[in-house]
Every structure is written in C-alpha cells, then in structure tokens.
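First the structure, in the form of structure tokens, and then the observations on it.
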Amino acid sequence: MGKRGAHTATERRARRPTAARRWVVVRFCVGIAVALAIVGVVFVGPAVISSYDADHRTTITCDVTASEGMMQSSSSRGIGGPIAQVVITTSDCGRLLIRDGVTRSNNEGIAARLSPPGEYRIEVGTASWSVRALLHALRRDPSAFGFEPAP
C-alpha cells in the first residue's frame, strides 16, 4: 500500500483545470460582474443620484417650449400609486421633471407659471444633470427643483 496523497504524474495532470474549465469559470465571473453592474445602474444609481441632488443644485438657462402638470405612476408598469409632477419640455435642455412640492391640486398651477414659453432659469440636480444622457437611455428625466424667467 502506497503513501496516502501520493499520486502519479498522470493523476496530477488529470486534476489540473483544463482550458475549457477555466473558460467556464471566467464566463461565470464575467456574468456575475455584469449582473452586479446592471443592478447598480438600475436600482442603486437612481437612489444615489436623488440623494446627491437633494443637496447639490445647478442653475441652467433653457428655452421652455411647453409644460404640463400630470399624475404619473410610480412604477414603469403602471402598478404603483400616482405621483404628481410637472413635465417641462425645452428645445435645448430636453425634458425636466419637477416633483418636490408638487401635489395633485397644484401641479397644473405650477405648469401654468411656465407660460408664456421662453427662456427660464431652471434649478436642476447637479448629479442628474451631469448624467442626463445615461438617464435618457434609462427613460428617466433629470430632476428640476425650481424656475424663474431668465433676465
């Protein structure tokens, strides 16, 4: 009877990971990394942006073409409760959303204050404005917090 744990050269070679096994492990690790990145972008990212925007704001000047007070579902599938908001459409800054301080009873009044169309100074969240291209790809709009006619 030989020593326990002693192996022949052939047995040692048979236990080594093959290239196919290594490829499976690499693919699995890449898949996990991609899944974590997607979860981060879709779920964690918007929460971080909203939190940062609450304390960091930037004022931009935009050419407002329309505004509308509306009730929007809190879910993309339409199963959540309604959220009052004002959608601001601009020719040079894209769509912006005002949700803070907007209620079911005042959303149309706030939208009416953006009339007549023209240049307005709009206070937006710094983070959401900085990543607006990514937000548009995710079908989200940057947050706005206030506005006034541009001088």
Side-chain angles (χ1 to χ4, degrees), residues 12-151:
R12 280 194 302 271
R13 266 186 261 123
R15 289 184 174 201
R16 285 188 194 149
T18 63
R21 259 192 219 149
R22 282 192 296 263
W23 180 242
V24 168
V25 170
V26 167
R27 286 178 50 190
F28 176 76
C29 291
V30 168
I32 294 293
V34 167
L36 288 174
I38 290 171
V39 166
V41 167
V42 173
F43 297 109
V44 178
V48 170
I49 288 171
S50 294
S51 178
Y52 188 83
D53 283 350
D55 293 328
H56 301 85
R57 308 230 172 121
T58 301
T59 302
I60 59 174
T61 301
C62 300
D63 185 23
V64 174
T65 56
S67 62
E68 179 183 10
M70 62 173 42
M71 300 299 293
Q72 176 73 33
S73 172
S74 60
S75 168
S76 61
R77 294 180 297 224
I79 59 174
I83 296 175
Q85 64 185 13
V86 174
V87 178
I88 304 170
T89 306
T90 69
S91 62
D92 50 353
C93 301
R95 278 177 33 129
L96 304 169
L97 294 180
I98 299 178
R99 287 189 173 152
D100 283 359
V102 179
T103 64
R104 182 184 302 246
S105 60
N106 73 0
N107 63 354
E108 291 176 5
I110 293 171
R113 290 184 13 219
L114 283 160
S115 185
E119 293 252 324
Y120 283 84
R121 291 173 46 122
I122 302 173
E123 188 178 30
V124 295
T126 303
S128 61
W129 184 249
S130 298
V131 296
R132 64 189 175 275
L134 176 63
L135 289 175
H136 286 300
L138 297 173
R139 295 182 356 178
R140 304 218 185 264
D141 297 312
S143 301
F145 296 95
F147 57 88
E148 64 183 16

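- Distance check, rounded to the nearest 0.5 Å: CG of L135 to OG of S130 gives 10.0 Å.
- Annotation: side-chain hydrogen bond (donor to acceptor under 3.5 Å, both in side chains) contacts involving residues 60-71, sequence neighbours excluded, comprise D63-S91.
- The side chain to side chain contact (heavy atoms under 4.5 Å, CB included) search around A127 returns I49, Y52, D53, not counting sequence neighbours.
- For T103, the side chain to side chain contact (heavy atoms under 4.5 Å, CB included) test picks out S105, N106, with sequence neighbours left out.
- The shortest side-chain heavy-atom distance between D141 and H136 falls under the 4.5 Å cut-off.
- Heavy-atom contacts from other residues, nucleotides or ligands closer than 6.0 Å to CD of E108 number 12 or fewer.
- Rounded to the nearest 0.5 angstrom, L114 CG and Y120 OH are separated by 5.5 Å.
- Nearest heavy atom pair, residue P142 against residue R95, reads CD-O, 3.4 Å.
- Residue pairs satisfying the disulfide bond (SG atoms under 2.5 Å apart) criterion with at least one member in residues 87-151, sequence neighbours excluded, are listed as follows: C62-C93.
- In this structure, OG1 on T59 lies 11.5 Å from CZ on F145, to the nearest 0.5 angstrom.
- A search for side chain to side chain contact (heavy atoms under 4.5 Å, CB included) contacts involving T58 returns I60, V124, T126, not counting sequence neighbours.
- In terms of heavy atoms, Q85 sits closest to N107 at O-CB, 3.9 Å.
- Between W129 and I122 the shortest side-chain heavy-atom distance does not fall below 4.5 Å.
- I88 contributes atom CD1, which lies 3.5 Å from atom CD1 of I98 (distance to the nearest 0.5 angstrom).
- Crowding of R140 atom CZ: a count of heavy atoms from other residues, nucleotides or ligands under 6.0 Å not exceeding 12.
- With rounding to the nearest 0.5 angstrom, the CZ atom of R57 is 10.0 Å from the OG atom of S128.
- For the salt bridge (Lys or Arg N to Asp or Glu O under 4.0 Å) test, no residue two or more places apart in sequence or in another chain qualifies with R99.
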### Test log, rule side chain to side chain contact (heavy atoms under 4.5 Å, CB included), inputs L97 and V87
CA-CA 5 Å; L97 294 180; V87 178; 3.6 Å; yes
